[in-house]
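Shown next, in structure tokens, is the structure this report addresses.
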Amino acid sequence: MAKIKAIRGMNDILPAQTPLWQYLEQNTRAVLSSYGYSEIRTPIVEQTELFCRSIGEVTDIVEKEMYTFDDRNGESLTLRPEGTASCVRACEEHGLIFNQVQRLWYTGPMFRYERPQKGRYRQFHQIGVETFGMAGPDIDTELLLLSARLWKALGISHAVTLQLNTLGSSEARAQYRDRLVAFLTEHRDQLDEDSLRRLSTNPLRILDSKNPQVQALLDSAPDFHACLDAESLAHFEQLKSNLDAAGIAYEVNPRLVRGLDYYGRTVFEWVTDKLGAQGTVCAGGRYDGLVEQLGGRPTPAVGFATGVERLILLLEAEACLPEHLKRATDVFISAQGDAAGRQAVLLAESLRDVLPWRVTLDCSGGSAKNKMKKAVNSGACVALLIGDAEMEQQVVALRPLRHSQDPQLVPFDQIAAVLTAATEYFEE
RNA sequence: GUGGGCGUAGCUCAGUUGGCAGAGCUCCGGAUUGUGAUUCCGGCGGUCGUGGGUUCAAGCCCCAUCGUCCACCCCA
């Protein structure tokens with residue numbers, strides 16, 4: 001019989017990896033909390049219509065990447081390909097953005113049917129941040145400061161850079177799109193197959209083509225920023241001067257456009273050159289029209305999403321992680337013989353009552369040498385050994401595993417106090 | 001959907017022109033020993049991704065298929 005394996009592009013996160021994920025999650029919660037953001041949790045499945053209306057009908061996500069299926073009652077449902085639409089839907093449904101501002105975040109799995117590659121999977125995880133009801137560049141600034149603080153907390157600031165652009169108002173964007181299409185149509189002989197296709201579907205996307213010939217052609221294309229409306233330009237200028245004042249480095253990239261239809265004005269990406277082709281680690285922007293598009297009142301909004309798998313890859317490659325994350329326990333207790341085994345269970349429980357350290361009891365048997373090896377391999381800082389000799393004297397052999405010291409015999413009733421005082425064994 | 005690389009022990013990988021299926025690590029047992037190191041001995045572990053074909057003989061050659069990785073497209 002064929003073995004059942006995980007679905008392509010949907011990965012198990014194994015015990016060797018989960019400490020890294022927890023480290024990332026803990027730091028993220030701490031940073032978001034320090035800015036006063038609240039967590040929101042929405043279902044993983046939504047009505048298909050929600051994503052079609054928000055992301056845009058002609059995007060690749062909606063056209064060919066969604067996990068869509070019929071519920072038993074015939075209703076079309078979709079596994080969420082991103083988090084913003086669900087977040088807006090939930091806020092609107094529960095009146096969270098009616099005459100009030102919100103600062104929200106969420107995390108969880110997203111699903112897109114794509115060919116997996118480095119940093120890109122069919123089930124992937126995002127940490128999303130969304131704000132509602134605030135129209136000025138100060139909230140855009142806040143989001144960028146927040147994300148920069150997160151990189152600092154994670155120790156990856158040196159590995160990411162900020163790309164910034166403004167897409168202007170939808171009128172300005174439409175105007176520019178016409179001029180760009182006119183220009184590119186004139187030079188269509190220089191466009192590759194992909195760009196020709198996008199010329200009719202989503203011409204702005206040609207701006208961030210990876211084809212060097214197309215990029216060369218774009219050097220003589222009409223200037224995006226020359227078409228911008230005065231209001232958007234002022235918003236962008238204010239954002240830039242806020243970032244300058246706060247000491248956040250950025251690079252204005254007039255060819256930065258985002259794939260989802262709902263973005264306007266401010267857009268940004270945190271990118272890295274350490275992850276191969278999938279260099280975008282965090283991206284977002286302003287989507288002032290989306291709430292209205294989904295049936296709500298016109299509501300200004302800005303947000304971003306980070307790819308958790310990509311951050312994990314960066315952490316593995318670039319960050320110095322705390323030593324204790326690399327081991328699963330601190331105190332390893334091993335007993336030999338029935339009486340000692342019963343004593344060890346009670347000892348472990350009593351230590352867990354009072355110690356701040358993690359305590360693991362060896363339940364796997366084996367020879368004395370074998371048990372010692374297991375203690376070392378467990379990653380623990382200290383081994384507690386109980387055999388017949390120890391039982392007779394009512395003591396435990398305490399053996400530090402990371403220092404070259406001889407074992408010390410400690411009476412049962414003093415072991416908690418001795419370990420509590422022995423902080424030097426547990427440092428790092 | 002398109003292109004390329006790779007599929008041999010739990011892991012990392014050798015495997016010659018087609019001729020008995022291998023090593024290191026891990027794990028288990030033993031010797032030495034400082035209850036953990038070093039060294040040494042032994043053991044467990046395989047439908048060579050799968051299915052066809054060629055051949056006296058296929059891990060190796062041919063065809064198909066699946067999986068995986070990377071890249072394109074797209075995106076976090």
Side-chain angles (χ1 to χ4, degrees), chain A residues 1-9 11 14 16 55-56 58-66 80-84 107-129 147 160 192-195 197-198 201-202 205-206 208-211 257-260 263 268-272 275-285 303-314 332 334-336 364-380 382-387 389-390 397-407:
Chain A
M1 200 194 303
K3 274 187 187 167
I4 295 178
K5 300 173 66 177
I7 306 300
R8 178 204 293 261
N11 300 314
L14 302 176
I55 296 168
V58 298
T59 58
D60 275 30
I61 292 181
V62 170
E63 279 185 347
K64 50 187 198 191
E65 293 179 0
M66 294 206 303
R80 63 182 183 195
E82 56 108 41
T84 302
T107 186
M110 309 292 164
F111 302 84
R112 291 182 200 169
Y113 188 88
E114 305 177 274
R115 285 286 282 270
Q117 67 189 71
K118 191 183 184 74
R120 214 250 315 266
Y121 310 100
R122 288 187 175 179
Q123 174 174 333
F124 63 104
H125 297 75
Q126 286 187 335
I127 297 161
V129 179
S147 50
V160 293
D192 57 17
E193 201 181 321
D194 288 325
S195 298
R197 179 173 44 78
R198 282 184 287 204
T201 57
N202 198 347
R205 298 283 317 171
I206 299 175
D208 60 11
S209 167
K210 283 183 184 172
N211 186 325
V257 292
R258 311 288 349 286
L260 280 48
Y263 287 111
F268 58 87
E269 287 187 8
W270 288 96
V271 298
T272 179
L275 297 185
Q278 259 61 44
T280 303
V281 132
C282 170
F304 67 76
T306 69
V308 177
E309 282 81 356
R310 292 180 188 180
L311 283 180
I312 294 285
L313 286 170
L314 253 191
F332 191 87
S334 194
Q336 192 128 45
S364 63
S367 65
K369 173 167 180 163
N370 193 280
K371 284 174 181 298
M372 202 57 218
K373 199 164 188 180
K374 280 171 186 157
V376 172
N377 288 344
S378 75
V382 165
L384 300 182
L385 307 163
I386 313 177
E390 285 81 8
L398 185 162
R399 193 177 180 84
L401 294 170
R402 309 172 93 75
H403 297 64
S404 50
Q405 288 174 20
D406 289 332

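Order of the sequence lines fixes the chain letters, A, B, ..., with proteins taken first and strands second; residue numbering starts at 1 for each chain.
- Of the P atoms belonging to B:A58 and B:G19, the separation is 11 Å, rounded to the nearest Å.
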Under 3.5 Å, which protein N or O atoms sit close to an N or O of nucleotides 39-42 of chain B? Give each pair with its distance.
none

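- Taking the P atom of each, B:G45 and B:U54 are spaced 34 Å apart, rounded to whole Å.
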Return the polar atom pairs (N/O with N/O) between nucleotides 25-28 of chain B and the protein under 3.5 Å, or none.
residue	atom	partner	partner atom	Å
B:C27	OP1	A:Asn377	ND2	3.2
B:C28	OP1	A:Asn370	ND2	3.0

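- Both tests hold for A:Arg122 against A:Tyr113: distance to the six-membered ring centre under 6.0 Å, angle to the ring axis within 45°.
- At distances below 3.5 Å, not a single donor-acceptor pair connects side-chain atoms of A:Ser209 with backbone N or O atoms of A:Ile206.
- No contact: A:Gln336 has no heavy atom under 4.0 Å from any strand.
- From A:Asn377, atom CG reaches atom CG of A:Leu401 across 10.5 Å, with rounding to the nearest 0.5 Å.
- Defined by atom type and a distance below 3.5 Å, a donor-acceptor pair is missing between the side-chain atoms of A:Lys374 and A:Ser334.
- Under the 3.5 Å distance criterion, the side-chain polar atoms of A:Arg402 are matched with a main-chain donor or acceptor of A:Gly379.
- Between B:C6 and B:C73, the distance separating the two C1' atoms is 23 Å to the nearest Å.
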Query - Pair pattern of RNA chain B in dot-bracket, where unpaired bases get dots and | marks partners in another strand, Watson-Crick or G-U under 3.5 angstrom - result: (((((((..((((.....[..)))).(((((.......))))).....(((((..]....))))))))))))....
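- As judged by a 4.0 angstrom heavy-atom cut-off over every strand, A:Leu401 is placed among the base-contacting residues.
- By the neighbour-count criterion of 12 heavy atoms within 6.0 Å, atom CD1 of A:Ile7 is sparsely surrounded, having that number or fewer from other residues, nucleotides or ligands.
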Report task. Verify side-chain contact (heavy atoms from CB on, under 4.5 Å) between A:Arg112 and A:Met66, making sure each step is shown before the conclusion. Result -> CA-CA 5 Å; A:Arg112 291 182 200 169; A:Met66 294 206 303; over 6 Å; no
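- The heavy-atom pair separating A:Gly83 from A:Gln126 by the smallest distance is N-OE1, 4.1 Å.
- With A:Gln278 as reference, A:Arg310 is the one residue of A:Lys118, A:Arg310, A:Glu309 to meet the side chain to side chain contact (heavy atoms under 4.5 Å, CB included) rule.
- The gap from the C1' atom of B:C61 to that of B:U68 amounts to 24 Å, rounded to the nearest Å.
- Within the 4.0 angstrom heavy-atom criterion, only backbone atoms of the sugar-phosphate kind lie near A:Lys5; the bases stay farther away.
- In terms of the salt bridge (Lys or Arg N to Asp or Glu O under 4.0 Å) criterion, residue partners of A:Asp194 (sequence neighbours excluded) are, by chain and number, A:Arg197.
- As rounded to the nearest Å, B:C75 and B:U16 have C1' atoms that lie 47 Å from one another.
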Requested in this report: Could you go through the side-chain hydrogen bond (donor to acceptor under 3.5 Å, both in side chains) check for A:Ser147 and A:Trp270 one step at a time?
Outcome: CA-CA 9 Å; A:Ser147 50; A:Trp270 288 96; 3.0 Å; yes
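- With C1' as the reference atom, B:C56 and B:U39 are 48 Å apart, rounded to whole Å.
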Report task. Show your reasoning for whether salt bridge (Lys or Arg N to Asp or Glu O under 4.0 Å) applies to A:Arg258 and A:Glu269. Result -> CA-CA 9 Å; A:Arg258 311 288 349 286; A:Glu269 287 187 8; 3.3 Å; yes
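- When atom types are taken as modelled, the side chain of A:Glu114 and the backbone of A:Arg120 share no donor-acceptor pair closer than 3.5 angstrom.
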Report summary line: The contact string for nucleotides 69-76 of chain B, one letter per nucleotide 5' to 3', using protein heavy atoms under 4.0 Å with B, S and - for base, sugar-phosphate only and none, comes out as -SBBBBBB
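- Taking atom C1' in both B:C70 and B:A37, the straight-line distance is 42 Å, to the nearest Å.
- Rounded to whole Å, the P atom of B:A9 lies 14 Å from the corresponding atom of B:G59.
- Residues meeting the side chain to side chain donor-acceptor pair (under 3.5 Å) test with A:Asn211, sequence neighbours left out: A:Asp192.
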